[in-house]
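These notes concern the structure reproduced below.
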Amino acid sequence: MNKSDSCVERVCGALGAGGMFGSFVGAAVAQFKMPSVLERAAQVGTAAAQAQIPVVSRYVGGNAALFAGVGAAYAGGKCIAEGLVGDDHPVCAGIGGMMSGAVLGVYMQSPWVMLGATSGLFLVGFAADVNGAKIMQDPERMKEKYFGLRK
């Protein structure tokens, strides 16, 4: 897949991919919360149990919005950093990671989460940009790197 030069295309692609993945995660979370509520139906009554059943659309929509926001922040931060630097550099991916970590901190409403997520996702973005493309572009090199010591 070719990388687009347009920031708008990158951000829109990240929004769509994040939204789809977030919808899947939200549906899985809602599915796993449902049985625990239904098990307590005999104790609290059917009407009270039905009132506690999670609203599936809230889980699906909330997670879709969160993942879409994180993806758009990463793509937008990386694209802005590439525009400022004028080159595709691993630090730009780190700055995109910082932006996505900031979105997670705002979502959790915690400066400590924001600090940890920005620093952690900066390192992950930087490391993935340094090593990821080199490994995946040459399958023979990847096999040699991972399985070469087993001979």
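- Leu121 and Leu66 fall within the same hydrophobic cluster, where Ile, Leu, Val, Met, Phe, Trp and Tyr residues are linked whenever their side-chain heavy atoms come under 4.5 Å apart, directly or through other members.
- For Phe122 against Val91, the heavy-atom pair with the smallest separation is CE1-O, 4.2 Å.
- Residue pairs meeting the ring pair (Phe, Tyr, Trp, His ring centres under 6.0 Å) criterion with at least one partner in residues 6-31, sequence neighbours excluded, are Phe21-Phe67.
- Shortest non-hydrogen contact noted between Ala93 and Gly125 is CB-O, 3.4 Å.
- The two atoms that bring Ala75 and Ala14 nearest to each other are CB-CB, 3.8 Å, heavy atoms only.
- Between the CZ atom of Arg10 and the OH atom of Tyr74 there is a distance of 9.5 Å, given to the nearest 0.5 Å.
- For Cys92, there are no disulfide (SG to SG under 2.5 Å) partners, not counting sequence neighbours.
- Between Asp129 and His89 there is no side-chain heavy-atom pair separated by less than 4.5 Å.
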Indicate every side-chain donor-acceptor pair of residues 101-117 with a distance under 3.5 Å to a residue at least two apart or in another chain.
from, atom 1, to, atom 2, distance (Å)
Ser110, OG, Trp112, N, 3.3
Ser110, OG, Val113, N, 3.3

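- With a 4.5 Å cut-off on side-chain heavy atoms, Ile95 and Ile80 do not count as touching.
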